[in-house]
Amino acid sequence: MHRWSQLFIPTLREAPADAEVASHKFLVRAGYIRQLAAGIYSFLFLGNRSFNKIVEIVREEMDKIGQEFYLPALHPRELWEASGRWSLMGENLFRLQDRKGGDLCLGMTEEEVMTEIARKELRSYKQLPQIWYQIAPKFRDEPRPRSGLLRVRQFMMKDSYSFDIDAAGLDVSYRKHYNAYCRIFDRCGLKYMVVEADSGAMGGKESHEFMVRTPAGEDQIVSCDGCNYAANLEKATSTLWPVEDLKAEGDGKPLLVHTPGQKTIEDVAKFLGVSPKNKIKTLALMTNEPASDGASKGKEGSKAKSRAVVVLMRGDHQLNEAKLNATIATPTRPMEEAEIEMLFQSPAGYLGPIGIEWAKDFKTDGDKPVLLVDKALEGRTNLIGGANKKDYHLKNLTPGKDFHPTAYADLRSVTAGEACPNCGKPLRIDTAVEVGHIFKLGYRYSESMGARVLDRNGKEVMPIMGCYGIGVERILTAAIEQGNDEDGFWLPAAIAPFEIVVAPVSVKDEAVKSVAEDVAQRLEIAGFDVILDDRDERPGVKFKDADLVGIPFRITVGKKVTEGTVEVVFRSTREVRDVTITTIVEYFQGMLRAG
RNA sequence: CGGGACGUGGCGCAGCCUGGUAGCGCACUUGCUUGGGGUGCAAGGGGUCGCGAGUUCAAAUCUCGCCGUCCCGACCA
């Protein structure tokens, strides 16, 4: 029997001054966690109980599709050199040295270790498929930990890895994870949505994120209430309403117009009396390759090569950097003034695509500047853009005719209200927390680390991989964000530290006290997680604490014991029901254990 | 890493501008009181004022440096 009077549950009346989001404030106030350093938290009794319940749900569901391992967090440098991530991860990787001066790091994920095992042990297609997982701490030296447990430097991740003989096999492993994740988040009582996610430059084909809507989140998700379309903003697309092109002026060739002092899209559009939709926005960027790309591996001194990348967008559209990164597989930065002058021979504000020799192909065409044009401009005619001459713009610009893009690409950020690409209804954008991510990795690690198996023809092939992650703390955080009010929060029973708190109004009243003891004991014997608030405190104190700490049900034992009843209080709705003492176990069995 | 803020008993804050005794609420200890929404009264304990240097007869207070924490941005397999 858990007796509150003997437990360490340090609840606070006030939230720490540096807590911003609800889950952070309440986790601290309810005595779940305490901060040790930026992005590093200790879990106390209640926090750990809830945490363990989440872990157990994850484990039960994962055991249905895979096998649990336990891998070290301390990794030798060589392993990460082999995958190329020792340098790729930069400062996000925690590094340290052993007494002999050997370099080590703390694992931020375990692709390397898992692939190392696969490389050494897997020999035949007969051993595939495999799904291996673990639930273990991960370490990331985040540039900015924030929002309590939402972004931290050490956290518990369920990470799994699948190895299959071919893409069809990977599809099956992926689907198994998708379904297992749905079961996990359902059992945790989360209201979540599954969204298409950016698979980045890793070459993966498919990726889904499991998202919980909350203003505290860090991700933007685009979704449609009319159909099931949902995607991360980094990936989302929309259908654009048609735009009426301008008519050609003069002979239809690019036509110089004087636009003195008109630099911004808005200004020029207004000045010329056209819509920004008929304007070209010219963005001047440089690739910003850290000297750590695969090609320059090993040559410490080799200089990072920078290349001009010019992006054209419709005047009223915003560049989506994730899409740009996915397109050119290299980080970029804005051009400096001198670089702009060098390429365009013109000050910023009048930049355009005319008069520059653009690369015909990103890969093969050497060092020439790259011109990427957003798909929203493909097929458009007679646009207006900068003339690369101070105080002048050009009319009659038609992509493909007056200038030749290196490539057309989807580079635009969706905005709320645009049409769903599936059904045409208006899209909405919400912030959300990512609680899980499933990802088709492909051959990246098999290739770099040399994992090979023989297929049924005796031919050596690479196993194809998938990786899948769940953040345990984020499930807890998201659940609190989903269910809280000014007095505290309530967790779904499955992940609450206790399902029921029994609160006798007084421990000095023998009748009340003995009924409370009896009720708590019978519920515990029946298999419920019960805590008895046996403290010699006034009822108000017990009620306030009970409201705060996330337990979904309270049984108040008070003067009605003389009538043979106690009160069951539903934390989320504050609904109160009188229940006969003798039937209390059956009451909760019907509510929490039915089905 | 760029911008901003903060750092004073366990928690929340005042004091700093205008240098000289460290203060309030909560929590904690003891006693009485109260007993269905953080009861009231009384008496107590607890603080290198983040760290270091400087100015000064004298620094929580002024100056400089460092560290830490939070927020915005950049970043985020």
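So you know, we letter chains A, B, ... as the sequences are listed, proteins then strands, and number each from 1.
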Q | RNA chain B-proximal residues of residues 16-26 of chain A, any heavy atom under 4.0 Å | A | A:Pro16, A:Ala17, A:Asp18, A:Glu20

(Q) Using atom P in both nucleotides, what's the gap between B:rC71 and B:rA27 to the nearest angstrom? (A) 28 Å

Q: Side-chain contact test, heavy atoms from C-beta onward, threshold under 4.5 Å: evaluate it for A:Pro504 versus A:Lys513 and give yes or no.
A: no

(Q) Each nucleotide in nucleotides 29-41 of chain B should get exactly one letter: B, S or -. Can you fill that in based on protein heavy atoms under 4.0 Å? (A) -----BBBBBB--

Check: residues 549-567 of chain A side-chain donor-acceptor pairs under 3.5 Å, at least two apart:
from	atom 1	to	atom 2	distance (Å)
A:Arg554	NE	A:Thr556	OG1	3.1
A:Arg554	NH2	A:Thr556	OG1	3.4
A:Lys560	NZ	A:Glu567	OE2	2.7
A:Lys560	NZ	A:Asp578	OD1	3.1
A:Lys560	NZ	A:Asp578	OD2	3.4
A:Thr562	OG1	A:Lys559	O	2.9

**Q.** Inter-nucleotide P distance (B:rC16, B:rG23), Å rounded
**A.** 15 Å

(Q) Any salt bridge linking A:Arg85 with A:Glu111? Criterion: basic side-chain nitrogen under 4.0 Å from a carboxylate oxygen. (A) yes

Q: Quote, to the nearest angstrom, the P distance that separates B:rG47 from B:rC6.
A: 27 Å

Q. Which value, in whole Å, describes the distance between the C1' atoms of nucleotides B:rA59 and B:rG15?
A. 14 Å

Q.
Just to be sure I understand the rule, does A:Pro145 reach a base, reach only the sugar-phosphate, or reach nothing, if contact means heavy atoms closer than 4.0 Å?
A. sugar-phosphate

Q.
Using Watson-Crick or G-U wobble geometry with both distances under 3.5 Å, which nucleotide pairs with B:rU39?
A. none

Q: Could you list the residues that satisfy salt bridge (charged side-chain N to carboxylate O under 4.0 Å, His left out) with A:Glu116, not counting sequence neighbours?
A: A:Arg119, A:Lys120

For a quick test of your reading: what N or O donor-acceptor pairs under 3.5 Å do the side chains of residues 209-217 of chain A make, sequence neighbours left out?
from	atom 1	to	atom 2	distance (Å)
A:Glu209	OE1	A:Asn232	ND2	2.7
A:Arg213	NE	A:Asp430	OD2	3.2
A:Arg213	NH2	A:Ser223	OG	3.1
A:Thr214	OG1	A:Ala216	N	2.9

Q: For the pair A:Tyr174 and A:Tyr468, name the ring-plane relationship: parallel under 30°, tilted 30 to 60°, perpendicular over 60°.
A: tilted

(Q) For a quick check, with a 4.0 angstrom heavy-atom cut-off, what is the B/S/- contact string for nucleotides 42-51 of chain B, read 5' to 3'? (A) ----------

**Q.** Span that lies between the C1' atom of B:rG45 and that of B:rG7, in whole angstrom
**A.** 25 Å

Q: On the 0 to 90° scale, with breaks at 30° and 60°, tag the A:Phe489-A:Tyr32 ring pair as parallel, tilted or perpendicular.
A: perpendicular

Q. Are A:Gln35 and B:rG68 close enough that a side-chain N or O sits under 4.0 Å from OP1 or OP2?
A. no

Q | Counter-base of B:rC17, judged by Watson-Crick or G-U geometry with both distances under 3.5 Å | A | none

Q | Side-chain donor/acceptor contact of A:Arg144 with base of B:rC71 under 3.5 Å | A | no

(Q) I'd like the P distance from B:rG68 over to B:rC51, given in whole Å. (A) 15 Å

